[in-house]
Structures are given as structure tokens and as C-alpha cells.
*Asks:* 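This is the structure I have questions about; it appears just below.
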Amino acid sequence: MKINFIPIDYDYFDFEGKNYAKIIGRDDKGKRVCIIDSCPNYLWAILKEKITSKKIDSLIKKISKIELNEKGRKTKVEKIEIKDKMFMGKKVKALKIFATNYKDLHSIASSLDFKEIEKRRGYDLGYVSHYIIEKKINPLRWYEISGEILNNSLEYGGIDSVLEVDLCFKLENSKEIEDKKFKPKVLAYDLETDGLKIGGGEILMVSLAGENFKKVITWKKTTKKKPDYVEYVEDESELLEKFVENIKKYSPDFLVGYHSDGFDLPYLKARADKLKIRLPLGLDGTPPKFSRGMVLSGKIKGITHVDILKFIRTAYSQYMQSETLSLNEVSKEFLGDNKKEFQIKHSSEITNSDWLDYYEYNLHDSILTLGLFEKFWPDLLEFSRVIQEPTFDISRNGLSKQVENYILHNLEKHNEIPEKRPTHEDIGKRRHMKSVEGAFVYEPKPGLYENIAMFDFTSMHTSIIISMNISKGTLLPKKEKNSFESPEVEYEGKKKKFYFSKEQGFIPLLLKEILEKRKKYKAEYKKNPNKITLARSNAFKLLSASVHGYIGFFGARYFSIESSASILSFVRKFNIETIEKVKKAGHEVIYGDTDSIAFLMNTKSEKQIKELLAKLNSELPGVMELELEDFFKRGLWVTTRSGKFGAKKKYALLDKKGKLKIRGFETVRRDWCPLARKIQNKIIKQILEEGNSKKSLKYIKTIIQKLKDRKIDKEDLIIKTQLKKPLSEYLSITPHVFAAKKMEEQKIPIDEGGLIKYYIAETEGKSKLVRDKVKLPNEKGIYEIDYYLNKQILPAVENIFQVFDINIQETIEGKKQTTLGEF
DNA sequence: GGTCCCTAGATACC
DNA sequence: ACAGGTATCTAGGGACC
């Protein structure tokens, strides 16, 4: 029998000592299909150089005899092949050693204690990754598959008879076919509970949202007429049972929550355990399982559980406007929709009619979560396809893990044997290495400037890796003629240069392909805009931007501190050289950070600036490229607080369309009160638009008067600071820590990594400590004028006025004549 | 009680 | 542990006078 099949969820099992992949997906009619398959299991023994074939033969004989008894399971070497392979870009002879069970490859490797063997590799990938690499049954691509249908068969211990699928196949043949439309079945869920600690209180209700499907299951009833989507049950136990029942009935491919790895799913599990209910969500009737580690991941067999918060955090947060990753803010940014208004209280304090609002609130959270999944589905889909890992992992892995997986799935075309995962000891050593010197930042001369041009290097780190062929494998042990030479680097306390071979390394080559694909799909998107092409282009963009971080990340298989140090030394060199060249061309350079340079156009036209750009580009090696970021009408740079230096990483630009680009100023920092942020923003805008500070001076005076008259809205004075660790771990008690302590005393829940809100109020005591004046937003009090004037408003604007030689402090107090007359 | 200097902590830029 | 170096700034905390 032949069907068209798309793999979604991957798992594996052992039967009679052998490994089998178990893949759940759909056919093109929407039927749920499971395929069972196996693949050869092997590891590589890389041989030392110059081993005679006689010795190899005798080595093979010895290895062939290896038989192990692992955990009651017999495993043995089944076959050995000699292969010409590459390892770290060098030609090697290696033995491909096949064994019975993938999980025993570790033990086989340990028993390969022969002096002819240089290294043992390729036994430490996850089974699912190994299977995908071997059989090329890639996630979310269409295959025409054929095989034997298992129908309550006893094969594999009767595995198909307990699986809730329409068809179960023992895979015989597969071939990738043209992409077909695939619309996954998605169900989002959200809990409301009495308690924030996992399992700490009862689950009051749970909402579900899917296509044309919405439901709230609750045992908290109201005498008012309930909406149709609400289903009443008798108690929490029945709620859990109905929850499972509804999911089975809907039969989703993806079950989606927001922060559900950290809250909803473990909470459900904890309550089910307490009530002695099994919660058989898996297609084989098993309950959710949680992987160990710092952060839990909740896995449901056969259904891909996605905590969409995690994916947004790794793939999107760097490009987002939202100040927090709360469901509310993220939904506002991506869906233009809010959470429903509802003040969460303990169920004992909720009145009859409140429950109606609570149901709606609960339902809407699921609707938002579903909306976010749909919004990011093209990205999840394309990331899964590009990186070739199951969506479960794609949605949770950090960027370095994604890069590593991409590399591992693309080694074969370079005939490369995979490098091993670093051991704990390796990681410990790497972490204790002195960190390498980073990028260069040019100290700006404070001032308000007109007609500014800004250049920046396109994908600077990436293009350096490619152009200088930098990687662990291409690093030369010593200087060689005709090699790439890094600028001088401080390394292990000494000045040093590193050299990289000119023979193409596979990581630089992979990266080149990534960059080219990114360009290709970006262009394709421009020609024919659609979500999938954009998502694919984004996947390659994110991958290419993350490779340098990956190389310098201590947990990486292809970690190379020498490479990282070299890349950064080139980054500094090229930026500094460009600055010198722009100066030589007669321009005053105002600023530069890592890969950018801002300078005054002077009398030059835009055309002439572009000619300069072309000239600079002609002098750059390899794929390195400098591009025009933009021309700006005006730009503002200030001093640091001490007033001694031009402040780095802090500037504001006004482009020719009137759009502001503000970096580093308090107005973009969420730990300053809204009042200070709004005022600073307005002043920056006025100054850049007007070219002087006249208006702003008037404005600041009226605001200060308003503050002194206590006419400022309290909302505008609330300071928000994140609590980044448990209260007990803080060494110094800062205002936000003190505020958090107050919240704890008042039994106000503090969510992990949540923002602490407080304001500074007049107090009786004489204490000078800010924390002693901290009040929570719910606490009555009047704001302290002094604090907001001297610690919020003035600090936010004084460096700006200083650019115009105005000492705002003195101007406000009327002590000194201002230099306003100049304007 | 004030000043100085340092550290802890948060957040931003790239 | 899940990117990490460069940078700014506030508040607390201890040394010192």
C-alpha cells in the first residue's frame, strides 16, 4: 500500500534489543499515520596515520569479536567497513563499526581500546537525529511511502494496537515528493488555578481553542446563565478527565501553551498525580513526561507539545518592541489583541458574576496562544525543514543548538565524521578560559550634528569567517606560508597571531551556503512575497548570524576559542581601518560600534558618499561588504554622566523621512519611569527636528512645575525592574528587591523573572536610602518630588542640554543666566 | 555625616 | 548552560576622614 505522508512527531522504542523509530504524521487526507522504521547503527573509529592494511585487518578481526551485555541486552559488533572519510577537514581512514543497538555505541566505543585507533566518534547524537540523518525522513516534508500495514499485529510487541492512529505502517520504501499543502491541527490550552506554585492549589478551569472550537471546562459554577462554550463538571478530577477527552476528540498535531513547559503542563501533571489520575494524553495512552535539566520540557507522545513562549524568546525577542515577553504584550505586538481585563483573585474571593468574566478571560488566553502559534507557524515549519529536527526540539532549542543541528545534518555531503560533544571536564575548562577581547567602539564627540552618513558591514562576523576560512578544523598549529593570518590577539597572556588554512573548511563552506540561501530567499521574497519564503529567509538569516556565537560557545562541538578570538580581531581591524579611510577621505567620524561607522557628509553629495562606499568595498577581501545604512538629517551624541567622555552606545538620529532612531538613551530603557522616558523622548525629538533646544527648555520647565505641583499621574512614576533571581540570593538590597519583599509580605504573587513595580514616596523616616521610600503601586502615598526631579527627570535630560552649554540644574534653580541667547 | 571607591545589579547595543 | 563582549547607569555598602 502506498500513501503520501508528512512526518510531525518523532520518537523511538526498543524491541528485542533493537531500535525502531516511531514517527507520527498525517497522510494527505488528514488521517493520522504512524510509521515504524529502523536504520543502521554505527560509530566511527578514526585510525592513526600510516597503519598498514595488515594491521587494519587484524584490528578488524579483534573488533568483530566485541560482544557486550548491557542492561540485560546483548549487543555486538555486526559489521565493519573501512572508509575514506574526512575529520575536521582532514582526510582520514576510519572504520565504520555497526552494532546492534544505538544506545550501546557508547559502551562499544569504550571498549575500543586499541593503539591503532586515534579517535572514536559519531555515537553521541540523539537517536532521532541519527535516524533522520540516515534515512532522510525529514520533518514536515512530504513523502510517498509504502510498507506493510500493522493491524493489531504482534510485531514489535503489539505496539500498534495501543496507538490511537488511523494507520500504522512498517516502512519499506519512501521517496520525497513535491511539497503539498499542509495545515496542522492545532489546539491551544490555558489553565487558571488557585496558586502559582506548581500543583499548589486547585485547577479552577482550563480553556481550549482550535479552529472553530472553543471551550472552557470548569467546576466553578455560577447561577447566572453560562455561555455555550463553558462546560460544567463536578470537580477537579472530572475537569482533568474532560480535558483529556476533549484533546483526544480534537486530535491535534500540536498542543500549544504559553509558558506551558514551566507552568500549565507540569501543573496538570502535579494535580493529576495528587488526585491519582493518569492523564493519558499520549497517543499510546502515556502521561506527559518532563525532561530533566534546568528548564523543563513537557513531552506528550505522538502530539507535539509546543511552548510558544520559548520559540518566540529564541527566534524573535531580539527583533521585538515589547519590553516583556508576557502573553499580553507579545499578543499586542503580533496580533494587535490584548488579554481580557480581569483582576485575578483567589477563588474564595470571586463572586458569582465574576466567574463569567473569568471564563472569558481564560478562553481568551487560549485564543491568543492559538493566534501566536498561527503567526509563527511558518517559522516553526521552515526552521524544522531547514535544520531537519522535529518541531518539538526546534521550538525549544537555543540558537547555538540550532546551528549545531544544522551542521550535524549537513556533514554527510562533506564526507565529514561528526566531532564529539564536549564532556563536563571540557566544558569546565572552556568556561575558565580568559574571555577573548570583543569588538571596538569609537568614542563619540558629543554634539548635535547635521547631515550624517552611516555605513555598516553586512553580516560582519559571518563574512569574516567565510572570507578568512576560520574554524576549528582550518586552524593551523603554526604559521604557514599562504595562509590567512589574524591580527595580533591577546591569548593566554601573550600577544599572538593565528593562522588558518586556505584549503576550504567545511564550516566556512556551510556558512557560505547559508548566506547564499539567505540572499536567494530574500530576493525571492521581494519578487513574490509570501509567508513561507520570508520564514525560510529568516531561518537562514538567524542561522548565519548565530555561527560566530556558536563557535565561541563553550557547549559547542565545534567550539574554538582561537577562531572566536581571530574573528573578533578581524572585526576590530576592519572597523578601525574603515574609520581611518573615511577620515582620510576628508570626513569627520562621529561614531562607530563593532560593524558600523557614522560620519559627517560635509559638502559631499549622496552620490559622492556612495562612490566612497564603492571604493571602500573594492578594497575589502572575500565576501566582505560594507553597505549604506542610511543618510540622516541630524544626530545627537552626549557625554557620559560624569561629563568627561562622549558616551558610547547612546545616540539619536533623525532620518530624512522624519523617523527617529534612538539607541541606549534612558527613553529606551524599561527601568526608568515613564515620565522620564516620555520627557526625554520628546526633547530628543524636538531637538533633532528643530536643530536647537529652545522649545525643549520651555517644555522641561513646565513639566518640572507640574511635578512640583503634584500634578503628575502616578502611573507615569512607576518604576519597573526585573527580579532576575530568587530573593534570598541577592547580596545587596536594592529598591526593587525591597519592593519584591514587600510583595511577598502582602502575598502578592511574584512570577519568575517578572517585573517588580514600585514608586518612590514621601516617608516619615529620615533614612536616605531609596529603598526605604519604596511603595508598591497599590499602597497609598504621595510621590517624592525630590527623587523624581533629581534622580529621574534631570538625569535623563541634563546631558542633552549640556550639548547646548545649558546647565539645566542651575537653569531650573535660576542661579545662572543661560546661554540661550546663542540661539 | 559626608566623600570616595567599589561592587552588584539591570539593561542596552551589536 | 543553551551568544557573549562592550558599555552605561543607579543604589548600596564599606572604608575613611
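Within every chain, numbering begins at 1; the chains are lettered A, B, ... in the order of the sequence lines, protein sequences first and strands thereafter. Being a predicted model, the structure only gives us computed values, none of them experimental.
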*Asks:* Examine C:dA7: is either OP1 or OP2 under 4.0 Å from a nitrogen or oxygen in the side chain of A:Y442? Give yes or no.
*Replies:* no
*Asks:* Does NZ or CZ of A:K299 come closer than 6.0 Å to the centre of the six-membered ring of A:F392, within 45° of the ring's axis?
*Replies:* yes
*Asks:* Looking only at atom P, what distance separates C:dG5 and C:dA1, rounded to whole Å?
*Replies:* 16 Å
*Asks:* Compare side-chain N and O positions of A:K648 against OP1 and OP2 of C:dA7 and report whether any pair is under 4.0 Å apart.
*Replies:* yes
*Asks:* Taking CD from A:Q318 and P from C:dG4, how many angstroms apart are they, rounded to a whole number?
*Replies:* 14 Å
*Asks:* Looking across every strand, which nucleic acid part, if any, lies under 4.0 Å from A:F457 by heavy atom: base, sugar-phosphate, or nothing?
*Replies:* nothing
*Asks:* Looking at residues 724-740 of chain A, who's got a heavy atom less than 4.0 Å off DNA chain C?
*Replies:* A:S732, A:I733, A:T734, A:P735
*Asks:* Side-chain polar contacts of residues 429-438 of chain A - donor-acceptor pairs under 3.5 angstrom, sequence neighbours left out - could you list them?
*Replies:*
| unit_1 | atom_1 | unit_2 | atom_2 | d |
| --- | --- | --- | --- | --- |
| A:R430 | NH1 | A:F554 | O | 2.7 |
| A:R430 | NH1 | A:A556 | O | 2.8 |
| A:H432 | ND1 | A:G428 | O | 3.0 |

*Asks:* P atom, C:dA3 versus B:dG9: distance in rounded Å?
*Replies:* 22 Å
*Asks:* Under a 4.0 Å N-O cut-off, is there an ion pair linking A:K497 with A:E562?
*Replies:* no
*Asks:* Locate the shortest heavy-atom distance separating A:W672 from A:A676; write the atom from each residue and the value.
*Replies:* CE3-CB, 4.1 Å
*Asks:* Donor-acceptor pair, A:E333 side chain versus A:S322 backbone, under 3.5 Å?
*Replies:* yes
*Asks:* Please say whether the positively charged group of A:K725, taken as NZ for Lys or CZ for Arg, lies over the ring of A:Y730, i.e. under 6.0 angstrom from the six-membered ring centre and within 45 degrees of the axis.
*Replies:* yes
*Asks:* Would you mind telling me which of C:dC9, B:dC14, B:dA10 lies closest to the side-chain atoms of A:R669?
*Replies:* B:dA10
*Asks:* Does A:R313 qualify as a cation-pi partner of A:F311, given the criterion of NZ or CZ under 6.0 Å from the six-membered ring centre and within 45 degrees of its axis?
*Replies:* no
*Asks:* Reckon A:F554 touches a base, only the sugar-phosphate, or nothing at all at heavy-atom distances under 4.0 Å?
*Replies:* sugar-phosphate
*Asks:* According to a strict under-4.0 Å criterion, is A:Y651 in side-chain N/O contact with OP1 or OP2 of B:dC14?
*Replies:* yes
*Asks:* Where along residues 392-402 of chain A does a heavy atom fall under 4.0 Å from DNA chain C?
*Replies:* A:G398, A:L399, A:S400
*Asks:* Is NZ or CZ of A:K541 both nearer than 6.0 Å to the six-membered ring centre of A:Y319 and within 45° of the ring axis?
*Replies:* yes
*Asks:* Quick one: list whatever passes side chain to side chain contact (heavy atoms under 4.5 Å, CB included) with A:I312, sequence neighbours left out.
*Replies:* A:Y258, A:I308, A:Y316, A:M320, A:L325, A:V330, A:L372, A:F376
*Asks:* To the nearest Å, how far apart are A:K644 NZ and C:dT8 C1'?
*Replies:* 15 Å
*Asks:* Closer to the 5' end of DNA chain C via nearest nucleotide, is it A:F553 or A:V441?
*Replies:* A:F553
*Asks:* Does OP1 or OP2 of C:dT8 have a side-chain N or O of A:R641 closer than 4.0 Å?
*Replies:* no
*Asks:* Rounded off to whole Å, could you give me the CD1-to-P distance for the A:I756 and B:dA10 pair?
*Replies:* 10 Å
*Asks:* Could you give the CD1-to-C1' distance, from A:I597 to B:dC13, as a whole number of Å?
*Replies:* 17 Å
*Asks:* What I'd like to find out is whether the side chain of A:F290 reaches to under 4.5 Å of the side chain of A:L265, using heavy atoms alone.
*Replies:* yes
*Asks:* Starting at atom CG of A:D261, determine the distance to atom P of C:dC2, rounded to an integer number of angstrom.
*Replies:* 17 Å
*Asks:* Five pairs per end, C1' atoms only: what is the angle between the end axes of the helix from B:dG1-C:dC17 to B:dC14-C:dG4, to 10 degrees?
*Replies:* 10°
*Asks:* Working note: A:F506 + A:Y558, criterion ring-ring contact (aromatic ring centres under 6.0 Å, His included); need CA distance, chi angles, decisive distance, verdict.
*Replies:* CA-CA 11 Å; A:F506 70 95; A:Y558 294 96; 5.7 Å; yes
*Asks:* Give the rounded distance in Å between these two atoms: NZ of A:K650 and C1' of B:dC14.
*Replies:* 17 Å
*Asks:* May I ask you to decide if A:S544's main-chain N or O and A:T462's side chain share a donor-acceptor pair within less than 3.5 Å?
*Replies:* yes
*Asks:* Kindly state which residues belonging to residues 760-772 of chain A come within less than 4.0 angstrom of DNA chain C, counting heavy atoms of the residue only, listed by number.
*Replies:* A:L769, A:V770, A:R771
*Asks:* So among A:Y449, A:Y442, A:W637, which one has a ring pair (Phe, Tyr, Trp, His ring centres under 6.0 Å) with A:Y651?
*Replies:* A:W637
*Asks:* Using only atom types and a distance under 3.5 Å, with no angle test, would you say the side chain of A:S486 pairs donor to acceptor with the backbone of A:F498?
*Replies:* yes
*Asks:* Rounding to a whole Å, what distance do you find between A:L543:CG and C:dC2:P?
*Replies:* 19 Å
*Asks:* Rounded to whole Å, how long is the line connecting atom CG of A:L723 with atom P of C:dA11?
*Replies:* 17 Å
*Asks:* Parallel under 30°, tilted from 30 to 60°, perpendicular over 60°: which one fits the rings of A:F599 and A:F455?
*Replies:* perpendicular
